[in-house]
Structure formats: structure tokens, C-alpha cells
Amino acid sequence: MNTDFGGLKPSDSVSTIKGIGPKKEKAFNDNGIHTLEDIVYIFPRSYEDRRTLISISDMKVGEEVLVSAKVVSKRSNMFSKTAPLSLIVQDDTGVCEVVFFNGKFLDKLFDIGTYYTFYGKASKNFDRNQLIHPQFAKTGSKDDIRGIVPVYPQLSGISQNEIRRIQRELKPIYQEVEDFIPKSLQESINLASLQYSLENLHFPTDGKKVLSAKYRMVFSELLTLETGLMYIRRGESDSKEAVSFSCEKGEAFANNLDFELTEGQKNAWQSIKTDLESKKKMNRLLQGDVGSGKTVIAEMAMISAASEGYQSVIMAPTELLAKQHLESFKKDFEKYGFKPEILISNMDRSEKKRVIEGLASGEVKVLIATHAVLRENVVFDNLGLVITDEQHRFGVNQRKTLSSKGEAVNVLVMTATPIPRTLAVILYGDLDVSQIRTMPKGRMPVKTSMANSEDRARVYGRVRDELEKGRQAYVVAPLIEDSERIDASSADKLYKELCKDFSDYNVALVHGSMKQEEKDAAMEAFAKGEVSLLVSTVVIEVGINVPNATVMVIENAERFGLAQLHQLRGRVGRGSEESYCFLITDAENEIAVKRAEIMCQTTDGFEIAEEDLKLRGPGEIFGTRQHGLPQMLFADLSRHGDVLEKALESAKQIIKDDPELADPDNEALKRRVKAMFGEEIELAL
Ligand code: ADP
Ligand code: MG
């Protein structure tokens with residue numbers, strides 16, 4: 001065992017610490033902690049302020065107090081091993097009883113007449129002040145419990161006091177722990193050093209210093225994240241130019257619609273038009289709530305492209321959605337002499353061949369597609385614009401593949417998941433962002449309420465009321481079929497029940513494992529109004545537009561995330577009639593209830609997205625693995641948007657100056673990036 005810390009290195013095993021034998025070592029390892037550096041990187045969750053001693057006479061029930069008092073008597077039952085130990089202690093102002101249940105073994109630690117410092121929650125036993133199981137140390141001893149005391153995350157098999165002691169022992173190695181932020185950057189933005197931060201986080205003396213230490217940690221995590229992301233995209237921004245074309249025809253199309261564009265649509269269009277008419281490559285994210293009218297904007301851009309001789313494609317995440325786009329595009333485009341074509345997996349072979357040939361020859365100007373368009377055999381003649389609808393359903397690579405189908409293509413990605421600005425920065429880096437935050441006129445917010453399963457009869461009574469008025473309704477269930485393992489409603493079972501209860505109406509079923517033709521038939525019947533009640537799983541989540549539908553019932557609402565609930569609710573409230581959304585849930589789990597409450601409080605997708613971020617954290621929203629969004633200790637994307645933007649700026653500069661991170665000054669940062677991103681970036685670096 002090594003006790004000479006002068007020779008210890010951060011990479012040494014935890015077993016080199018005095019007092020850590022094989023058993024403790026295993027406990028650390030089980031917690032994922034192997035090296036001394038790992039321990040140094042276990043940071044306090046919070047701090048207890050134990051700086052101010054109070055007098056016993058000032059103790060208030062329920063408050064955490066720090067007192068220093070002399071032991072005047074000790075009492076425990078000599079004959080019982082598990083008896084409590086009761087001490088009477090006193091200071092100049094009063095007397096207090098200190099109790100340790102099963103504490104007989106502590107007896108020998110207390111000497112009568114000696115002062116001890118106690119920290120704990122004050123209580124009363126009749127009139128007497130009491131402290132039950134306080135922390136304690138001999139007043140003035142080296143183990144003194146006074147000061148600002150770090151509270152570490154709970155690690156199984158390792159106590160708070162142990163981890164505090166070990167942290168004290170590791171102080172000498174701080175100088176050796178690698179500070180991965182380049183010195184020059186640290187100086188230019190006046191950032192605290194790693195050593196300073198470690199010291200002030202583990203051994204805080206002053207709130208301000210802790211804050212600058214925390215800021216540094218937040219910044220360094222976000223810098224690592226952004227450097228990694230900028231590194232991955234380092235080649236992307238090379239082609240800054242793209243084809244440009246006039247947007248006159250698209251604007252004329254909008255002027256001939258039977259509605260006026262909303263303010264939000266007009267603003268978004270202005271930016272898109274500016275992009276398209278300039279040589280600068282468009283790289284724009286269009287965010288707008290469900291029903292905010294993004295499709296019209298896409299059409300305006302595509303009509304402009306076609307009129308100027310360029311091909312354009314809009315890629316949708318489902319065949320259902322692609323087909324729906326096709327229907328509305330046909331009407332709109334044919335006036336301008338263009339025939340939109342569709343390319344999806346499930347289509348007639350000869351049709352597919354015809355479309356693919358038309359794309360290669362340039363004859364097909366306007367394409368609506370699913371990911372089927374990404375296949376290698378699909379080539380374009382002169383692609384000028386690609387649009388991704390419901391962008392969040394596609395991965396970064398799919399987006400890239402699509403835009404690589406042309407030489408200098410303008411890119412527009414649209415999403416109804418209004419992600420917070422911070423996440424847009426992370427996911428899309430250098431995309432310009434347009435938001436549509438206004439809804440078309442006359443659109444009323446969907447009235448949303450929560451119900452438990454006992455209220456189901458009442459809810460379905462309301463559904464019936466709406467159907468009687470000639471409206472239509474959706475019922476969504478989390479599962480396709482009943483499951484033995486999962487206690488939740490299935491679309492299958494609901495469908496059977498509702499067929500009985502609503503035998504005087506047409507009821508249809510749609511779910512993911514049905515044949516495509518069956519799904520389409522059911523959806524089409526619903527869109528035409530032949531079916532009144534549509535029972536489904538989340539397959540209707542994206543983009544479907546049936547303005548006559550005014551009710552959305554979501555069964556087992558606790559099984560859906562906020563973004564999903566918001567999307568589902570967006571299926572209704574698309575016409576001029578008042579619409580309703582019922583969230584049926586018996587869940588008592590805090591997050592589920594909170595989600596439902598948020599849904600009842602607001603219909604603003606941006607607000608919902610912010611709340612979602614707070615509730616779930618970014619990792620879960622994007623699937624940490626898929627997007628390589630690593631767990632971060634200090635950075636909280638729902639709070640640190642401003643730091644993120646600064647980190648992005650620095651990361652961009654770093655990658656601009658040293659695209660391969662080959663500079664010795666960036667070596668440590670590069671290692672850190674690798675550690676954060678894991679294998680994914682290992683391949684790239
Ligand atoms: P999303 O943004 O969810 O894709 P859509 O583009 O499908 O929304 O638009 C929803 C509906 O609103 C469509 O029927 C569309 O024709 C209509 N719409 C779009 N813009 C307006 C507007 N400015 N005024 C009235 N209705 C509009
Ligand atoms: Mg849409």
C-alpha cells in the first residue's frame with residue numbers, strides 16, 4: 001500500500017488509497033469507479049452550510065442545526081446489544097438530549113466533560129431539545145464537521161464520511177489531473193482552471209468561488225460536446241454555395257390561396273425566399289407547431305424551384321403522410337403545369353421505374369417521397385431543393401444522404417417538434433432557424449382534460465355528442481394487442497369494445513402491423529368522413545390532416561411522452577369547430593401526472609418542449625445512444641443555453657483553426673472528446 005502521495009498519479013487504481021482493501025475496491029468498481037481521477041470527478045450534489053454554531057436555546061424544531069456542547073451524562077442499557085445510546089449535552093444556554101438508536105457501540109467515543117460538535121435536525125421530546133442521529137466530531141479535532149460540507153451522490157457500499165475522507169486525501173493529485181481546456185482559451189475568456197475548480201467544488205470556502213468553479217465545469221462539458229459535434233461536421237460547411245432561383249411563382253401561388261398567410265408564415269417565407277434567391281446555400285430549420293401551416297411554405301418553395309427549372313423533393317417519414325401530401329400537392333401544382341410524383345417502397349414496380357427514370361432525366365420536377373428516395377439507384381438531373389418533413393423522425397445521416405443527391409442543393413428541414421433553442425444548436429449546429437409561432441386564424445386551442453378510467457363512460461359520452469353533431473373522433477391506445485406483460489389498453493381490444501358501443505357508427509382500426517393497404521383504406525375512409533371513429537396506435541402521430549375530427553381520446557396517456565401527446569393532440573383542432581382532447585390515465589407517478597398537467601395548461605408547443613426538456617433531460621429526448629448525446633454532470637440544457645452558445649462559438653473557432661485537433665494544445669481536449677462520444681467519434685477521429 002502506498003501512502004506517499006507525492007508519487008501517486010490520477011490514473012492509479014483506487015486501491016492505492018490508504019484504507020481501501022479489496023472489498024472497498026470492489027464497491028468502487030461496482031459503481032464504475034476505477035482510478036483516482038474517477039474519484040476526483042465524483043462531485044458533490046449539494047452542500048450543507050455548517051458554518052454557524054447556534055446556542056442550544058435557539059434550536060428550532062425541524063431545522064438543521066450545528067451546536068457545540070459538553071457531554072454531561074451517558075445512558076444505555078448495559079444488557080442489550082441493540083439498546084439506544086442517550087447523551088445529555090449542554091452549552092451555556094441549555095441542555096439537549098442526543099440519541100443514537102442501536103448506538104450502544106458509540107458509547108466509547110464520547111467522554112464526559114468533553115465538547116463535541118453535533119449537526120442534525122432539531123426535534124423535541126416533550127420540552128427537551130433533542131438531536132436524533134446527528135453527525136458529530138470532537139470540537140476542534142481534525143475531523144471537525146464544521147464548514148461548508150459537500151454532500152456526494154449516494155454510492156452503494158461507500159459512506160458519505162468515507163468519500164469525504166478520501167477526497168481530502170486526494171487533494172495532492174489535483175495538480176496532476178489533466179486540464180483539457182486549451183490554456184489560451186482559458187485565458188481569453190477568463191475561465192477558472194481545473195485545479196481551482198476541483199478545490200472549490202470539493203472543499204468550498206466561499207459561494208462565489210463555487211459558482212465560478214461550477215461555471216467552468218458547465219462550460220468544459222459543453223465545449224467538449226460542441227467540439228465533438230463540430231468535429232463530426234467539419235467537412236459539411238465547405239459547400240457554402242448553392243443554386244439560386246427566383247421565388248416569384250411561389251409567392252404568386254400564395255397570393256391565390258383562399259386564405260392569407262399568418263404573420264409567422266410570412267416571416268418564415270421571407271427568410272426562405274432570401275436564402276433561395278441568393279447564392280448562399282440555404283440550410284434552414286423551420287419549426288412550427290402541428291397545424292401551423294408548414295406545408296404551404298414547402299409548396300411555395302417547391303413551386304418556385306420547378307418554375308425555374310429545378311427539381312425538388314420533400315421527404316416524409318411515413319407513406320401515409322407522403323400520400324396525403326400528394327393529394328394536396330396535385331391540386332395546387334397542376335394549376336402551374338407541374339405534375340407531382342410520389343416515390344415510396346410500396347408502389348407498383350413499373351410506376352416506380354417510371355418515376356425513377358423521370359427523376360434521372362429531369363422530367364419529374366416535383367417529388368414527394370419517403371426514405372425510399374435515399375436508395376442509391378435514385379438520381380436526380382438537377383436537384384435544387386430538398387425538404388425534410390417532420391425532421392425529428394430522420395437521423396442526421398439520412399438528411400445528409402438526401403442533400404448529397406445534388407451538387408449544390410438548398411436544404412430546408414421542417415419539424416413540428418418545436419425543440420428548444422439549446423437543442424437546436426446542438427443537433428443542427430449551424431442551421432438557421434425560423435419559427436412559426438402563430439396559428440391560422442379561427443383556430444381554437446384544443447380543450448384538454450384529464451380523466452381516470454372511472455370517467456371513461458363520461459368521456460365516451462362526450463365522444464358520442466360530437467359524433468352526433470357529424471364530427472369525427474380519434475381514440476389512441478399505446479399497444480396493438482393486449483399483452484400479458486404490459487398493463488395497458490390495446491387498440492385491438494378497444495376497437496372491439498367501441499364497435500359494440502358505437503354500433504350505430506362506422507368504426508375503423510389502424511395500427512403499425514396491419515398491411516399497408518388496410519391501413520391506407522382505413523385512413524382514407526376516415527379522411528373522407530365515411531368512418532366516424534378511428535381507433536389507432538401512434539401511427540397517426542405524424543401529419544395527418546382531417547379538419548372534421550374534433551375529439552382525441554388518449555388511453556393510458558401515461559405511456560406517451562410529452563412530445564407525442566402534443567403531436568397526437570395536434571390531429572384535432574384543425575377546423576373551425578371547438579375540439580377536445582381527453583387524457584385517460586390512472587397513473588400516480590409524478591412525471592406522468594406532471595405531463596398530463598402541462599398538456600392541460602398549454603397548447604404552445606414551444607412551451608411544452610421546454611417543459612419536456614426539464615422533465616426528461618436531453619439524453620432521453622433524442623435517445624442518448626443514437627445521437628451520441630452524452631450524460632453531463634454539470635451542464636443542464638434547460639438552463640445553460642447562454643453557456644452553450646459561448647461554448648459553440650469557442651468550439652467553432654477551435655475546429656476552424658485546427659480541424660483535425662492535431663495541435664498539441666488541443667491534444668487533451670481531443671482525448672476528452674473521444675471519451676465523451678465513445679466509439680462513434682473514435683471512428684471519425
Ligand atoms: P403542419 O404545420 O402541421 O404541417 P399543415 O401545413 O398541414 O400544418 O396545415 C394545416 C392546415 O392549415 C392545412 O389544411 C392548411 O391548408 C391550413 N392552413 C395553412 N396555413 C393557413 C392559413 N394561413 N390560414 C388558414 N389555414 C391555413
Ligand atoms: Mg406537416
Side-chain angles (χ1 to χ4, degrees), residues 290 318 393 417 446-464 466-467 472-502 507-514 519 522-523 526 532-542 544 549-573 579-603 605 608-609 611-612 615-616 620-621 623:
V290 167
T318 64
R393 289 299 201 84
T417 308
V446 179
K447 285 203 167 143
T448 306
S449 54
M450 245 195 287
N452 58 33
S453 54
E454 282 166 22
D455 292 331
R456 287 183 74 226
R458 188 180 57 79
V459 170
Y460 283 98
R462 295 294 301 283
V463 172
R464 179 168 282 280
E466 286 297 301
L467 299 192
Q472 292 161 277
Y474 296 96
V475 177
V476 176
L479 302 178
I480 295 177
E481 290 170 339
D482 268 8
S483 154
E484 278 176 21
R485 283 180 301 115
I486 308 167
D487 181 24
S489 315
S490 73
D492 214 36
K493 184 156 155 249
L494 268 173
Y495 171 68
K496 284 180 190 136
E497 279 173 23
L498 292 171
C499 277
K500 270 190 230 132
D501 297 349
F502 289 86
V507 183
L509 175 67
V510 176
H511 61 64
S513 61
M514 276 165 59
K519 276 194 279 191
M523 275 310 307
F526 188 70
S532 299
L533 193 57
L534 185 70
V535 183
S536 85
T537 53
V538 284
V539 288
I540 55 151
E541 189 193 338
V542 166
I544 297 306
T550 53
V551 191
M552 167 64 66
V553 180
I554 302 175
E555 295 266 1
N556 289 100
E558 75 280 359
R559 301 191 72 90
F560 299 93
L562 259 182
Q564 257 179 336
L565 291 173
H566 180 62
Q567 289 266 342
L568 286 170
R569 179 170 61 184
R571 300 300 117 221
V572 296
S579 291
Y580 306 89
C581 174
F582 297 100
L583 306 172
I584 300 182
T585 177
D586 289 331
E588 283 162 12
N589 143 347
E590 205 181 316
I591 292 196
V593 173
K594 182 86 193 155
R595 271 194 220 127
E597 281 171 3
I598 292 166
M599 289 296 292
C600 295
Q601 277 158 18
T602 180
T603 53
I608 289 173
E611 293 294 335
D612 202 20
L615 281 182
R616 292 200 296 168
E620 215 183 308
I621 290 186

Sequence neighbours left out, what passes salt bridge (charged side-chain N to carboxylate O under 4.0 Å, His left out) with R456? Give chain and number order.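 Listed in chain order: E497, E555.
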Would you please name every residue forming a side chain to side chain contact (heavy atoms under 4.5 Å, CB included) with [X], sequence neighbours left out?
X    : result
A491 : A477, L509, V535, T537
K447 : E578, Y580
S579 : V446, T550, V572

[X] vs [Y] side-chain heavy atoms within contact, under 4.5 Å:
X    : Y    : result
F560 : V538 : yes
Q472 : L534 : no
D455 : I584 : no

Counterpart residues, side chain to side chain donor-acceptor pair (under 3.5 Å), relative to S449 (two or more places apart):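 Testing S449 for side chain to side chain donor-acceptor pair (under 3.5 Å), a comparison that skips the adjacent residues, returns none.
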Residues forming a side chain to side chain donor-acceptor pair (under 3.5 Å) with D586, sequence neighbours excluded: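 With neighbours one apart ignored, the set is S453.
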Residue that, paired with S536, satisfies side-chain contact (heavy atoms from CB on, under 4.5 Å) out of L494, V475, V476: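 Going through L494, V475, V476 one by one, the side-chain contact (heavy atoms from CB on, under 4.5 Å) with S536 is satisfied by V476 alone.
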Give, for atom [atom1] of [X] and atom [atom2] of [Y], the distance between the pair rounded to the nearest 0.5 Å.
X    : Y    : atom1 : atom2 : value
R464 : S532 : CZ    : OG    : 10.5 Å
I608 : R595 : CD1   : CZ    : 12.5 Å
C600 : L583 : SG    : CG    : 5.5 Å

Heavy atoms only: give me the nearest M450-E597 pair and the separation to one decimal.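 In this case the closest contact between M450 and E597 is CE-CG, 3.8 Å.
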Applying side-chain contact (heavy atoms from CB on, under 4.5 Å) to Y474 and L568, what does each step give before you reach the verdict? CA-CA 9 Å; Y474 296 96; L568 286 170; over 6 Å; no
Stepwise, does the side-chain contact (heavy atoms from CB on, under 4.5 Å) test hold for R569 with L565? CA-CA 6 Å; R569 179 170 61 184; L565 291 173; over 6 Å; no
